[in-house]
Amino acid sequence: MSLPYATTHQDRLLTVNIKDGIELPGAAPGSSIVPLFLDRENGVWVLYGKFAPGTRLPTHFHTGVVHFFTTKGQWNYLEYPADPQTAGSYLYEPGGSVHTFSVPEDATEPAEGFMVVFGANINFIEGAFANIRDAGAIEDSILEAARKAGLPLPRYIRPKGGAEFTRD
């Protein structure tokens, strides 16, 4: 078999580095995110998250799968206290799972990691529906946060009949 013809032309690699990213407020106090890839059309979002000690995200239901790789610190789901995630942990979450992300109050450093999420998080506070976070909602919120803070448009990858950067 001969080498296939490239059907998607790239003038350069689509790559971003978290060190160059703009850190923006996350969905909960004590959290921040660096957007890496946001695909509204296919419902895929890739973020680098930072979570201060004591951070707790709303209980949420995943409509799709999640891959989470912890790079620093420790966190756990309140529903699974015997399974703490520490630096180097890779976690696969099946669609349809429900849990509550939490960093221990006494943690000595923030928890950090990469998340690749398919679909949406349907968030609940005290058992009541709160909101839906998907690639579109996340993109809207980070663009608004950057605008309000007077920051430049964050550089991340997003599809557009292939893919492109939000800015060079």
Side-chain angles (χ1 to χ4, degrees), residues 8-58 60 62-77 84-93 99-104 107-123 130-168:
T8 304
H9 175 74
Q10 289 181 246
D11 291 325
R12 58 190 284 203
L13 290 177
L14 293 167
T15 181
V16 292
N17 189 310
I18 61 170
K19 295 176 192 169
D20 301 327
I22 296 173
E23 197 171 313
L24 297 160
S31 68
S32 64
I33 58 171
V34 175
L36 302 172
F37 178 88
L38 297 170
D39 182 348
R40 289 175 177 260
E41 295 172 8
N42 294 301
V44 179
W45 32 296
V46 181
L47 307 171
Y48 188 79
K50 296 182 180 183
F51 308 93
T55 299
R56 182 174 171 179
L57 300 181
H60 54 276
H62 286 286
T63 64
V65 302
V66 176
H67 303 271
F68 194 108
F69 183 77
T70 303
T71 59
K72 183 177 179 183
Q74 178 180 327
W75 63 275
N76 65 281
Y77 287 130
Q85 300 298 295
T86 58
S89 294
Y90 163 75
L91 174 67
Y92 170 79
E93 302 171 28
H99 40 246
T100 310
F101 178 100
S102 179
V103 179
T108 59
E109 64 181 340
E112 298 184 16
F114 289 93
M115 63 193 84
V116 179
V117 183
F118 294 80
N121 283 7
I122 302 174
N123 295 315
N131 58 47
I132 297 174
R133 299 277 292 168
D134 63 6
I138 290 167
E139 185 170 39
D140 291 346
S141 68
I142 65 169
L143 295 176
E144 179 66 14
R147 185 190 64 74
K148 281 184 178 178
L151 297 169
L153 177 68
R155 186 174 190 258
Y156 54 92
I157 301 166
R158 68 174 165 198
K160 183 182 176 187
E164 68 177 4
F165 292 113
T166 53
R167 66 174 174 82
D168 283 320

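Computed from heavy atoms alone, side chains included, the values below leave out hydrogens, waters and symmetry copies. From a predicted model like this one, the values you see are computed outputs, not experimental measurements.
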Peer 1: Would V16 and I157 count as a side-chain contact (heavy atoms from CB on, under 4.5 Å) if you check the C-alpha gap in whole Å, the side-chain angles of each, and the deciding distance to 0.1 Å?
Peer 2: CA-CA 8 Å; V16 292; I157 301 166; 4.2 Å; yes
Peer 1: Nearest 0.5 angstrom please: N76 CG to T86 OG1, how far?
Peer 2: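 Going from the CG atom of N76 to the OG1 atom of T86 covers 11.0 Å.
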Peer 1: Is there a side-chain contact between P154 and L143, using heavy atoms and a 4.5 Å cut-off?
Peer 2: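 In short, these two side chains touch, coming nearer than 4.5 Å.
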Peer 1: Could you grab the distance from atom NE2 of H99 to atom CG of L57, nearest 0.5 Å is fine?
Peer 2: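 Rounded to the nearest 0.5 Å, the NE2-CG separation comes out at 9.5 Å.
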Peer 1: Is there a side-chain contact between F114 and I18, using heavy atoms and a 4.5 Å cut-off?
Peer 2: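 The answer is yes, as the side chains (C-beta and beyond) meet within the 4.5 Å cut-off.
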Peer 1: Testing the basics here: between P25 and A145, what is the closest heavy-atom pair and its distance to 0.1 Å?
Peer 2: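 Taking P25 first and A145 second, the nearest heavy atoms are CD-CB, 4.0 Å.
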Peer 1: State, to 0.1 Å, how close Q74 and P104 come at their nearest heavy-atom pair, and which atoms those are.
Peer 2: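 Taking every non-hydrogen atom into account, O-CD, 3.6 Å.
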Peer 1: Minimum heavy-atom separation for D134 to A120, with atom names?
Peer 2: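 Minimum heavy-atom contact is CB-CB, 3.8 Å.
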Peer 1: Measuring from atom CG of N121 to atom CD1 of I138, what distance do you get when rounded to the nearest 0.5 angstrom?
Peer 2: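 Rounded to the nearest 0.5 Å, the CG-CD1 separation comes out at 7.0 Å.
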Peer 1: State the CG-CH2 distance between D39 and W45, to the nearest 0.5 angstrom.
Peer 2: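 So the CG of D39 and the CH2 of W45 are separated by 13.0 Å.
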Peer 1: Only counting residues at least two apart or in another chain, list the ones meeting side-chain contact (heavy atoms from CB on, under 4.5 Å) with V66.
Peer 2: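 So V66 forms a side-chain contact (heavy atoms from CB on, under 4.5 Å) with H62, E93, V117.
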Peer 1: Donor-acceptor pair, distance only, cut-off 3.5 Å: does the side chain of T55 make one with the backbone of G30?
Peer 2: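 Yes: the side chain of T55 pairs with the backbone of G30.
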Peer 1: Would you sort out whether V44 and F118 count as a side-chain contact (heavy atoms from CB on, under 4.5 Å), showing the intermediate values?
Peer 2: CA-CA 5 Å; V44 179; F118 294 80; 3.6 Å; yes
Peer 1: Who passes ring pair (Phe, Tyr, Trp, His ring centres under 6.0 Å) against F101, sequence neighbours left out?
Peer 2: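 In terms of ring pair (Phe, Tyr, Trp, His ring centres under 6.0 Å), with neighbours along the sequence ignored, F101 is linked to F51, W75.
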Peer 1: How far does CG of L38 sit from CZ of R158, to the nearest 0.5 angstrom?
Peer 2: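 Result: 9.0 Å between the selected atoms.
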Peer 1: Search all heavy atoms of L47 against all heavy atoms of L36 and return the closest pair with its distance.
Peer 2: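 Of all heavy-atom pairs spanning L47 and L36, the closest is C-CD1, 4.2 Å.
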Peer 1: Identify the two heavy atoms, one from L151 and one from L24, that lie closest to each other, and give their separation to 0.1 Å.
Peer 2: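 That would be CD1-CD2, 3.9 Å.
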Peer 1: Which pair of heavy atoms, one from V34 and one from G21, lies closest together, and at what distance?
Peer 2: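 Taking V34 first and G21 second, the nearest heavy atoms are CG1-CA, 3.8 Å.
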Peer 1: If you measure from NE2 on H60 to CD1 on I132, what distance do you get to the nearest 0.5 Å?
Peer 2: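 It comes to 13.5 Å.
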